[in-house]
Amino acid sequence: MIRSLRGMNDILEEEQYRRFNHFHNVACHVAMRYGFHYIETPLLEETALFKRSVGESSDIVGKEMYQFTDKGGNDICLRPEGTAGVVRAFIQHKYDKKGGIHRFFYHGPMFRYERPQKGRLREFHQFGVESFGLASVYEDASLIMMVSDIFNALGIGYTLQLNSLGCHECMPPYREKLIAFIEQHADTICGDCQRRKATNPIRVLDCKNSACQAIYAHAPKLMDHLCTSCNTDFTTLTLLLDKEHIAYTIDTHLVRGLDYYSKTAFEFISNDIGAQSAIAGGGRYDRLIEFLDGKPTPAVGFAIGVERLLELIKLPQQEREGYYFGAMDHEALPLLLQLGQRKRRSEKTIIEYSAKSLKAHLKNADRVYARYCVVIGANELKENTLWVKDLVNKKEQHIPVDSF
RNA sequence: GUGAGAUUAGCUCAGCUGGUUAGAGCACUGGUUUGUGGUGCCGGGGGUCGCGGGUUCGAAUCCCGUAUCUCACCCCA
């Protein structure tokens with residue numbers, strides 16, 4: 001038997017589809033209310049795009065991309081995240097030169113060659129937004145409110161963590177200080193952290209090793225080294241969220257895994273879905289557009305991990321819906337299909353194509369969770385009526401075929 | 001890439017220290033004497049026990065390998 005690839009799932013159960021659909025409806029709706037437009041970019045892009053945006057030091061680019069050479073000899077890969085493609089499209093279509101504000105949202109599959117576990121698949125879905133042209137921290141705040149709106153509408157609980165990663169003014173000096181600190185403790189930190197020191201020193205702060213955490217509690221904090229502009233923005237952000245009564249905790253150890261983030265970084269966490277607890281993450285990336293040869297443009301965005309969210313969504317209870325049509329005599333079948341077909345134009349209708357007993361039809365109607373069971377038997381055929389039973393209030397009646 | 005646990009009917013699982021026709025519940029399907037479901041009764045179909053080797057007179061059961069799933073690390077949404 002041929003199976004789907006590891007970490008790649010089919011969506012075929014009604015329940016799963018309803019969750020997916022419900023999430024998309026809510027998320028797209030909220031995004032449009034915030035003035036965002038839908039954008040769709042290809043699943044395949046040049047590998048260089050991700051190397052330059054996500055960053056070669058990241059695990060995503062380093063070891064998780066589905067990368068291959070196509071028949072034309074091009075080095076391409078399946079997108080591991082959504083931002084790079086949107087930024088590429090933004091620049092390619094010269095929106096950077098047009099100036100002004102441009103806001104986009106997208107959703108679709110992403111691909112990362114990882115070991116699957118709860119809330120982590122090789123083909124997974126993200127919903128994300130990207131906002132270009134606004135340097136104001138008000139936009140950062142708006143995006144956080146937007147995520148909050150989406151989660152509230154879905155009935156999902158979360159905690160919000162905030163941090164500032166600084167900008168190209170204040171980050172580099174801080175990084176030097178941190179490296180110096182790490183070197184002082186080089187003999188006591190874990191092997192992973194030894195490695196991180198060289199590749200991405202900020203990441204050590206995120207280490208889950210408790211011995212390391214005890215050491216990093218005394219590490220220099222970026223929050224204390226922010227430049228005036230970053231500091232003011234971060235304070236403003238917290239005030240704006242306070243006014244909206246959005247609770248947050250400041251986590252000075254929160255870092256983003258992708259190289260392009262600066263200043264505001266945030267992560268929405270759920271405690272109910274296992275170790276992969278980040279259900280949304282985002283932040284500002286003011287320098288990315290110029291890294292990809294665009295005209296310097298401030299930008300901020302976020303992405304939501306759809307699969308991680310789906311099991312948290314509380315769906316409204318499903319109610320009986322539509323019609324079930326059945327006949328008790330073979331001769332009634334053509335009429336049955338004709339009437340059922342007419343009903344299909346306005347209602348969900350299931351038609352049984354073989355004659356069965358009334359009991360069997362009621363059983364079928366119940367199984368397909370229909371609201372009404374319509375049956376044509378010998379009596380109905382003679383009187384030119386339909387027997388209709390409401391499966392909820394159990395009332396039944398005969399309706400003339402002409403007025404049905 | 002690392003570690004742990006799992007894999008027996010469509011689903012959830014049982015199967016004792018290897019022993020002969022591999023079970024249950026649910027689901028499916030048929031019937032239930034004259035036309036009433038979700039909640040009665042009786043019957044039926046369905047499994048090369050993940051796959052490949054090995055040990056043995058004999059393997060679902062023991063050993064090795066491999067694939068997949070689950071959870072965790074790593075990483076990230």
Side-chain angles (χ1 to χ4, degrees), chain A residues 1-9 13 27 54 57-65 79-83 107-129 147 158 190-193 195-196 199-200 203 206-209 254-258 261 266-270 273-283 301-310 312 320 324 326-329 354-373 375-381 387-392 394-396 398:
Chain A
M1 180 176 58
I2 297 174
R3 302 178 45 101
S4 66
L5 294 173
R6 183 172 213 188
M8 302 202 176
N9 294 162
E13 297 207 346
V54 178
S57 74
S58 72
D59 278 28
I60 294 178
V61 170
K63 49 190 193 192
E64 295 174 2
M65 288 205 296
R79 62 181 185 190
E81 57 95 48
T83 300
H107 54 78
M110 308 293 163
F111 302 85
R112 272 132 83 159
Y113 193 85
E114 299 184 273
R115 189 84 172 260
Q117 73 183 70
K118 191 177 177 69
R120 192 173 71 187
L121 294 166
R122 288 184 172 181
E123 178 178 12
F124 62 104
H125 294 77
Q126 286 191 340
F127 173 93
V129 315
V147 179
Y158 61 83
C190 70
D192 285 330
C193 285
R195 183 175 49 77
R196 291 185 183 109
T199 57
N200 197 345
R203 285 223 74 94
D206 206 22
C207 184
K208 301 220 167 46
N209 186 312
L254 170 68
V255 296
R256 307 265 67 225
L258 289 65
Y261 287 108
F266 58 88
E267 204 159 273
F268 285 75
I269 309 288
S270 166
I273 51 168
Q276 304 302 314
S277 58
I279 47 178
F302 70 76
I304 293 175
V306 178
E307 279 81 1
R308 291 181 186 180
L309 227 52
L310 290 191
L312 295 171
R320 284 186 179 279
Y324 169 93
M328 297 173 69
D329 292 291
S354 58
K356 287 184 188 327
S357 69
L358 181 63
K359 189 182 183 101
H361 283 312
L362 281 160
K363 261 188 183 167
N364 285 351
D366 188 54
R367 190 171 30 223
V368 300
Y369 219 55
R371 172 75 196 261
Y372 300 100
C373 180
V375 175
I376 305 176
N379 301 345
E380 289 77 20
L381 213 47
W387 179 85
V388 181
K389 178 163 185 174
D390 183 329
L391 265 27
V392 175
K394 301 172 199 271
K395 281 184 186 149
E396 46 194 86
H398 277 92

Identify each atom pair where a protein N or O and an N or O of nucleotides 39-48 of chain B are less than 3.5 Å apart, giving names and distance.
none

Can you name the atoms? Protein N/O to nucleotides 10-12 of chain B N/O, anything below 3.5 Å, with the distance.
none

### Task
Quick one: do A:Y113 and A:K63 satisfy side chain to side chain contact (heavy atoms under 4.5 Å, CB included)? Show the steps, please.
CA-CA 8 Å; A:Y113 193 85; A:K63 49 190 193 192; over 6 Å; no
### Task
Take A:R6 and A:R115 through the side chain to side chain contact (heavy atoms under 4.5 Å, CB included) test and state the conclusion after the steps.
CA-CA 9 Å; A:R6 183 172 213 188; A:R115 189 84 172 260; 3.6 Å; yes
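In a base pair of the Watson-Crick type (N1 to N3 plus N6-O4 or O6-N4) or a G-U wobble (N1-O2 and O6-N3), with each distance short of 3.5 Å, B:C69 is matched with B:G5. Applying the Watson-Crick and G-U wobble criteria (two distances, each under 3.5 Å), B:C16 pairs with nothing in any strand.
Within 4.0 Å (heavy atoms only), A:R112 reaches at least one base atom of the nucleic acid. Contacts of A:E13 with the nucleic acid, taken as non-hydrogen atoms under 4.0 Å apart, are absent. Within 4.0 Å of A:G326, counting heavy atoms only, lies no atom of the nucleic acid at all. Contacts of A:L391 with the nucleic acid, taken as non-hydrogen atoms under 4.0 Å apart, include base atoms. Across all strands shown, A:A280 has heavy atoms under 4.0 Å from sugar-phosphate atoms exclusively, and none from any base. Counting non-hydrogen atoms under 4.0 angstrom, A:G128 reaches nothing in the nucleic acid.
A:E380 places none of its side-chain heavy atoms less than 4.5 Å from the side chain of A:V375. Put simply, the side chain of A:L391 reaches to within 4.5 Å of the side chain of A:L362, judged on heavy atoms. No side-chain heavy atom of A:E307 sits less than 4.5 Å from a side-chain heavy atom of A:R120.
Every residue meeting the salt bridge (charged side-chain N to carboxylate O under 4.0 Å, His left out) condition with A:D366, not counting sequence neighbours, appears here in chain and number order: A:R320. Taking A:K363 as the reference, nothing meets the salt bridge (charged side-chain N to carboxylate O under 4.0 Å, His left out) condition, with sequence neighbours excluded. Take A:R371 and apply the side chain to side chain donor-acceptor pair (under 3.5 Å) test, not counting sequence neighbours, and it matches A:D390.
Atom name P, nucleotides B:C11 and B:U70: the rounded distance is 15 Å, in whole Å. With P as the reference atom, B:G19 and B:C62 are 11 Å apart, rounded to whole Å. Nucleotides B:C41 and B:C69 are separated by 41 Å at their P atoms, to the nearest Å. For B:U12 and B:G47, the C1' atoms lie 15 Å apart once the distance is rounded to whole Å. The same atom, C1', is picked in B:A59 and in B:C16; the two are 16 Å apart, to the nearest Å. Nucleotides B:C75 and B:U2 have their C1' atoms positioned 13 Å apart, rounded to a whole Å. Between the C1' atoms of B:G10 and B:A4, the separation comes to 30 Å (whole Å).
The base of B:C28 has none of its N or O atoms less than 3.5 Å from a complementary donor or acceptor on the side chain of A:R367. With hydrogens and angles ignored, a donor-acceptor pair closer than 3.5 Å exists between the side chain of A:N379 and the base of B:G35. Side-chain atoms of A:E396 stay outside donor-acceptor range of the base of B:G37, with no qualifying N/O pair under 3.5 Å.
Nucleotide B:U36 holds its P atom 15 Å from the OH atom of A:Y324, rounded to whole Å. At whole-Å resolution of the value, CD1 in A:I60 and P in B:C75 are 12 Å apart. Atoms CZ (A:R371) and C1' (B:G37) sit 15 Å apart, rounded to a whole Å. For the pair A:F127 CZ and B:C76 C1', the computed distance is 19 Å after rounding to whole Å. A:M65 has its CE atom 15 Å from the C1' atom of B:C75, to the nearest Å.
Between the side-chain ring of A:F124 and the base of B:A77, a stacking contact exists by the 5.5 Å and 30° definition.
Between A:H361 and A:Y324, the angle of the ring planes lies from 30° to 60°, which puts this pair in the tilted group.
In this structure, A:R112 contributes its side chain and A:P80 its backbone to a donor-acceptor pair below 3.5 Å. Side-chain N or O atoms of A:R122 include none that pairs as donor or acceptor with a backbone N or O of A:P116 at under 3.5 Å. Under the 3.5 Å distance criterion, the side-chain polar atoms of A:R79 are matched with a main-chain donor or acceptor of A:P109.
An OP1 or OP2 oxygen of B:A77 is reached within less than 4.0 angstrom by no side-chain nitrogen or oxygen of A:Q126. Between A:Q276 and B:A77 there is no side-chain N or O to OP1 or OP2 distance below 4.0 Å.
A side chain to side chain contact (heavy atoms under 4.5 Å, CB included) with A:I279 is found for one member of A:V306, A:V147, A:L312 and no other, namely A:L312.
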### Task
Would you give a per-nucleotide map of nucleotides 1-6 of chain B, 5' to 3', where B means the base has a protein non-hydrogen atom under 4.0 Å away, S means only the sugar-phosphate does, and - means neither?
BBB---
